[in-house]
Structure formats: C-alpha cells, structure tokens
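All values derive from a computational prediction rather than experimental measurement.
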Amino acid sequence: DGCGHTVLGPESGTLTSINYPQTSPNSTVCEWEIRVKPGQRVQLKFGDFDIDDSDSCHSSYLRVHNGIGPNRTEIGKYCGFGFQMGGLITSKSNEATVQFMSGIHTSGRGFLAAYSTTDKSDLITCLDNASHFSEPEFNKYCPAGCVIPFADISGTIPHGYRDSSSLCMAGVHAGVVSNTLGGQINVVISKGIPYYEGSLANNVTSKVGPLSTSLFTFKTSGCYGTLGMESGVIPDSHITSSSVLEWPNQTGQVNIWKPENARLKRIGPPWAAFISDEHQWLQIDLNKEKKITGIITTGSTLAEHYYYVSAYRILYSDDAQKWTVYREPGMGKDKIFQGNTELYQEVRNNFIPPIIARFFRINPLKWHQKIAMKVELLGCQFSIGRAPKITLPAPPQNKNDEKNADFVDDFIHSVKTSLQTDKTTFTPEIKNTTVTPSVTKDVALAAVLVPVLVMVFTTLILTLVCVWHWRNRKKKTEGTYDLPYWDRAGWWKGMKQFFPTKSAEHEETPVRYSSSEISHLRPREVPTMLQTESAEYAQPLVGGIVGMLHQRSTFKPEEGKEASYADLDPYNSPIQGVCHAYAEPLPITRPEYATPIIMDMSSHPSTPLGAPYISTFKAAGNQAPPLAGTCNKLLARTDSASSAQALYDIPKGQPGPGSADQLVYQVPQSVAHPTVSKDE
C-alpha cells in the first residue's frame, strides 16, 4: 500500500512513493518489478529523494535489486533527508526490483525516480525543467509517465513554454512524446515573453503563466499542418456521418446539423448525431493516404446548445470497408482520447506514432447532452520512395480465423507506421508546430553584427552633420555678399574693400584730411586716392542699398545699374542731370564735419572746359533738402584755383556757424597741414 504514481513502459517509466510530494504515511511498503527488452539493462535515476534516516535505514529505506523474485541480489540500500544521488543505478540484466519501506517517521517526502534502458544515456526525470540546463539547445530522453498531478506547465505551441515548466510534461502537451511510451526531445531555449497562454492537449492542462526571462520550444518533423477541414480543401461530399440531427425551430423551419457543418471555426451549428449512443461516427475522406499526426475538436460553439463530446476513439481505413481502431504500440487495448470539457475550447490530441490512412473516423464514447462537434485534422502528405514488399509471417497454429485476421492487421499497421515519410507539400495553416527559428547558431553572429552596424550608421550620421555644420559656418564667414568674379589685375584692389584698416571702435573717431594734400594731386588722381583709401569713410546710413554696394561705399549707384567692383568711378561720365544721394552725418556726440569729395569732371572728353566740380555734400544751414529730381548747385574750383569755398554739413544738435571764416577743417592724420586760403 506504499505505491504512488506509477507508469511502467516497455523502455522507460516513472515511479514515486505514496503521497509524494507530501509526507509519506507510516508503516507502508511498495515493490516495483521492472522488465525491459532482453539484451538490455535497466538504469535508474532519482529526481527527488527524501526518506527519514533517524534509525540508520532500519525501518525506512529504499532498496534496489538485480533481477526479480527470490534469486534477486541487492544493489544498494538508501535513506536520508535531501539525499543527492550523484549518478545512475544500473542493473546487471534486463530485470530489476525497487522496494520502498516506510516505518515510523514524522517527516520525509519519499522519492521520485525514472528508469530506462541503458542505451538512453541522456535520461532525465519528470521534475527537470529548462532552467536546469545552460545550453541554448539540447537533446534529452523523457521517460514514460511524466503526466503527473504535482507538476505544472505554462504555455503552448507554437509560442513556447515558460522556463519553469517540466520539460517532459510540456513535451507530452506539445505532442512530441507519448506519456505511455516516453521519447526523445530536442529543446531550444529562447527569450521569454510577457504572457503564456493555457490550453488542454493530450490530457495535459497548461496554465496561464506570467513573464519569464526565457522559454523553450521543441524541434519536430514539422508535420503539423491542417489537412483541409477548416479551409475547405476537403469537399462537403467527403464528410459523412452515421446520422444527422433534424429538428424544427420556433418558426417551424427545420434545422439540419449536417456532417459538413463539422468544420472547425465555422460559424453556425456543428454536426450532431440524431441518436446519442456509442455507435455514432463522423467520417472524413482525405482523397488519398495522408500522414495524420493529430486532431483538434470543439463542442457546438452555440451558447443555447451546450453540446460537446468528452471522450472518443479513432478508427482508420484504406478502403472505408475494414476499419482499425487506433492503439499505442505495446498497448493491448484501444486508446481513449480525452475530448472537450466545454463547448468552446479547442482541445488537441496527437497520434504517436502517426496514422497513415485515407479514411478517418471519429467514434464518440462520452458526451454532454448530445453528440455534437467540430473538428480539424493535422498532418502532412505521405509518400513512399520504394515501399518494401510486405511478407506476412506464418500465423501461429491452432488459432481461429478472427485472431489470425487481427494479427495480420496489426502487422500491416506496424509496417506502415515504420515506413519513411516526407514533409507536407501544402499546409494552409500551421496549427501545432513546435519548430522555432534556429537562434543558437545566429546568436554569436548577431551579437557581433548588430553593434558594428550601429557604429557604422552612427559614424555616417555624425559625418553628415559635421559636413553640414562646416558648410554653414563657411558661408557665415564669407559674409552676406557673394564674391563676384574679377580679373587678376584688379583682384587685390577688390579684396581690400573687404578688409577695414581700422577697428569698429575707431569708426567713431573723427577722420581728418588735409585739403592741401588734395590740392597737390592732379584732378584725375583725387577720385583714385579716395577710392583706394575708402576704408577711412564711414558707412552710409542708407537702408535697403547696402546689399548693392561694396563695403564702406558712401554712394548710391545709378538706377537700373548694378554696382560693380570693376568700375569704381561711376562719375567718370558726362553729367546728364543725374542727382546723387547725400551721405548722412556720422552719429557722434560732438561736432564733426565730413570732408568734401571733389571730383574733376573737366578732363572728361565729353565735358566742356570750366565745368564745375561736383560736391556730394549738402549746404550748411537749416534749409530743407532738395526735392527728388533736383540738384544742389555747389561751389567748385578750377585747375588754376588755389583754393575753393564749399559748404559743409552741420552736425545734428549743434548751432550753425556764423560765416565761412569760422569753419575749421580737419585733415587726415597721415599728411601735412598746408595753408588754405579763404574767400574774402
């Protein structure tokens, strides 16, 4: 009476003490006899071991023997709290005995162990989860019997399972291994997701799970595509049933729940049998042999009709005449599949090994109120390269014909399931794939390429920003004017216009000129001197014209003519009544006078002798400025004159001079002060 959860398969299994993982009861005993194929040996691995050792393994212990029966020999006797079994316990033959004895104790969970044949070197137990392994991808062997009530899993396929889930139990849920047979799993670890869905599959309930750092999925053959019920690839004429439910509604219209309504996710009523008994069936013709790996079922999906099938059998055939009931290898009875527990939820069951057949039949065994369901088949195309010729062995003698027929059917089925198959050529929708992208081989490459690409793009962006900034800065240093094109001879003169000889703070200092120095020059040299020394003049206060003149020019160009550096003497032409603008006085706080600019126009070929010089300064006094289109008549001198009289601007805010004798002239600081004669 001390035996707990126990599954003894032909190649592997799982066994626990009674009441595990709670404290085992006092004075109990259990003995397990394990047999594997002849020629093999048994290996035992403990997932948990916690047996009271207060009496030095006298009344509470676990004992392992070679062989079965009175001729068995002891391998070892074990007890202790939290005892760590470092390795595997191996028998000397294909038989072994495990004996558990529980005496008087107050604590101790007991044990959980797994066994397999010795050729399964990567055996794990039902308690191992993904967090116990550091490799991103690994292969392990799961024993039979890992659907245990005290283990939990979270997640589903194809999204993956939470890393805290039992590997083997998740493998059963995913349809990778069978709970009654065990099997090999290929696990891939990847980054976790925020939420894990729950579902019911292969009699295992997966719970909803929270965020985790990692998850795992399984690599499979990929033969989990839908076979055409939902998509309509299977025509209505290929879906038949034993009976059809017909009933009138409130308006008197007859409702027929035909077999073609049994398509998964189809809106409307399902297929329903007219009589609810164990002889009803739903049949699907796949048109040719297919490799069928699973089935998904739902109930009626109609809230007002709470109908569903909770258990069923599967039958298959090649000709729709002779049917075979699905059984797991090594099992002597038909497999009963768990169906739905309510009318909406999709429940999946997988066939391990797959079914190779054309005709597929579902036989409901248990149901709620009425037999009603919708289905979808999972699988892929099936083809045989060169099928070996099937030679039936001679049936055993002294048996009746029925047993001989059963023997032949079982043999043919075993041969079919062992033939080589290839993957599906058309799967409208993958419903149950556990294949995930190969992240293990790409992790190292991605870890190198991603930082390199980020650095390259960052460098490129920074380079473009720097070039853009440099070009803008270069434009700012060039000023607001675009440099015109000039010839080589006048290049330096043009450049001098852009380099002031005095700083901004000296621009407010009065500029002094000597009229005697000007008188020593020839009339044609006066504008030239003034032109080359243009840096000594103040900037004109003329708005809107600055952009058209070179720097520090005090004159406005003629209307319709653009200023040019190549032609710096705009007045070397006949006077045609053109009025030139006047320079505004400098904004200073003390009296200051502007020096007249005297230009000799008499030497111009088209100018008559004795033509007066033109001054660009307005007369003294408080008279109003001339109107637009008129010219002021200014004083001038001839070539023979030694002096000249001119009127000068009156500084703003200062009283005007009484007479011309009171005017004081300023001369440039760099020349001598000659005597200037005054008019009488």
> Minimum heavy-atom separation for Ser56 to Cys79, with atom names?
Replying inline: C-SG, 4.4 Å

>> Test your reading of the model: is there a side-chain donor-acceptor pair from Asn202 to the backbone of Asn350, 3.5 Å cut-off?
In response: yes

>> Can you tell me how far apart CG (Leu200) and CD (Gln345) are? Round to the nearest 0.5 Å.
In response: 5.5 Å

> Between Ser166 (side chain) and Cys126 (backbone), is there a donor-acceptor pair under 3.5 Å?
Replying inline: yes

> So do the side chains of Leu15 and Val98 get within less than 4.5 Å of each other, counting heavy atoms only?
Replying inline: yes

>> Checking the side chain of Ser300 only, and the main-chain atoms of Pro270 only, is there a donor and an acceptor separated by less than 3.5 Å?
In response: no

> Nearest 0.5 Å, what's the CD1-OG1 distance between Ile75 and Thr90?
Replying inline: 8.0 Å

>> Taking NZ in Lys207 as the centre, count heavy atoms belonging to other residues, nucleotides or ligands within less than 6.0 Å. Is the count above 12?
In response: no

> Short question: side chain of Thr156, backbone of Gly198 - any donor-acceptor pair under 3.5 Å?
Replying inline: no

> Which atom pair, heavy atoms only, marks the closest approach of Leu215 to Gly160?
Replying inline: CD1-CA, 4.3 Å

>> Please give me the minimum heavy-atom distance between Ile292 and Ala357, naming the atom from each residue.
In response: CD1-O, 4.3 Å

> Tell me, do His65 and Gln99 make a side-chain contact under 4.5 Å, heavy atoms counted?
Replying inline: yes

Please set out all donor-acceptor pairs under 3.5 angstrom arising from side-chain atoms of residues 33-42, sequence neighbours excluded.
residue, atom, partner, partner atom, Å
Arg35, NE, Glu95, OE2, 3.4
Lys37, NZ, Glu11, OE2, 3.3

> Does the side chain of Phe360 come within less than 4.5 Å of Ile314's, by heavy atoms?
Replying inline: yes

> For the side chain of Asn186 and the backbone of Thr220, is there at least one donor-acceptor N/O pair under 3.5 Å apart?
Replying inline: no

> Within a strict 4.5 Å, meaning less than it, do heavy atoms of the Ser107 and Asp52 side chains meet?
Replying inline: no

> Parallel, tilted or perpendicular: which describes the rings of Phe337 and Tyr312, with under 30° parallel and over 60° perpendicular?
Replying inline: parallel

> How many angstroms lie between CG in Leu365 and CG in Asp277, if you round to the nearest 0.5 Å?
Replying inline: 11.0 Å

> Out of Ser121, Ser12, Ser116, which residue meets the side chain to side chain donor-acceptor pair (under 3.5 Å) rule with Gln43?
Replying inline: Ser116

>> Less than 4.5 Å apart, side chain to side chain, heavy atoms only: is that true for Tyr115 and Leu8?
In response: yes

>> Checking side-chain polar atoms at under 3.5 Å, does Ser242 have a donor or acceptor matched by the opposite partner on Gln280?
In response: yes

>> If you apply the rule side-chain contact (heavy atoms from CB on, under 4.5 Å), what do you find for Lys219 with Glu137, and how did you get there?
In response: CA-CA 10 Å; Lys219 280 189 175 181; Glu137 182 175 346; 3.0 Å; yes

>> Under the criterion side-chain contact (heavy atoms from CB on, under 4.5 Å), I'd like the reasoning laid out for Phe359 against Gln283: C-alpha separation, chi angles, the key distance, then a yes or no.
In response: CA-CA 7 Å; Phe359 297 94; Gln283 180 176 311; 3.9 Å; yes

> Okay, side chain of His5, backbone of Thr14: is any donor-acceptor separation there less than 3.5 Å?
Replying inline: no

>> Could you check whether the SG atoms of Cys168 and Cys142 sit less than 2.5 Å apart, since that is the cutoff I want to apply?
In response: yes

>> If you compare all heavy atoms of Lys290 against all heavy atoms of Phe382, which two are closest, and at what distance to 0.1 Å?
In response: C-CB, 3.9 Å

> How about Ser24 and His105: does a side-chain donor come under 3.5 Å of a side-chain acceptor?
Replying inline: yes

> Roughly how far apart are Phe100 CZ and Cys30 SG, rounded to 0.5 Å?
Replying inline: 8.5 Å

>> Minimum heavy-atom separation for Ile352 and Gly175, please, with both atom names.
In response: CD1-O, 3.4 Å

> In Å and rounded to the nearest 0.5 Å, what is the CG to SG distance from Leu127 to Cys146?
Replying inline: 8.0 Å

> Using 30° and 60° as the class limits, which term best fits the ring planes of His305 and Tyr307: parallel, tilted or perpendicular?
Replying inline: tilted

> Shortest non-hydrogen contact from Ile193 to Leu211?
Replying inline: O-CD1, 3.4 Å

>> Can you confirm whether His173 sits close enough to Arg348 that some side-chain heavy atom of one is under 4.5 Å from a side-chain heavy atom of the other?
In response: yes

> What residues, two or more places apart in sequence or in another chain, satisfy ring-ring contact (aromatic ring centres under 6.0 Å, His included) together with Phe138?
Replying inline: Phe133

> Has the side chain of Thr293 got a donor or acceptor atom that lies under 3.5 Å from a matching backbone atom of Cys223?
Replying inline: yes

>> Just so I know, are the side chains of Pro143 and Leu123 near enough to count as touching, which here means a heavy-atom distance under 4.5 Å?
In response: yes

>> Just verifying a value: how many Å separate Lys370 NZ and Leu245 CG, rounded to the nearest 0.5 Å?
In response: 5.5 Å

> What do the steps show when you test Leu167 against Val187 for side-chain contact (heavy atoms from CB on, under 4.5 Å), and what is the final call?
Replying inline: CA-CA 8 Å; Leu167 286 171; Val187 182; 4.2 Å; yes

> Under the side-chain contact (heavy atoms from CB on, under 4.5 Å) criterion, do Phe216 and Ser165 qualify, and how do the steps go?
Replying inline: CA-CA 9 Å; Phe216 64 90; Ser165 303; 4.0 Å; yes

> Quick one: does Ile362's side chain get under 4.5 Å of Ile295's, heavy atoms only?
Replying inline: yes

>> Under a 3.5 Å distance rule, please check whether Thr28 uses its side chain to pair with a backbone N or O of Asn26 as donor and acceptor.
In response: no

> Within the side chain of Asn349, is there an N or O that forms a donor-acceptor pair under 3.5 Å with the backbone of Gly339?
Replying inline: no

>> Over 60° means perpendicular and under 30° means parallel, so tell me whether Tyr20 and Phe150 are parallel, tilted or perpendicular.
In response: perpendicular

> Is there a donor-acceptor pair under 3.5 Å between the side chain of Ser206 and the backbone N or O of Gly155?
Replying inline: yes

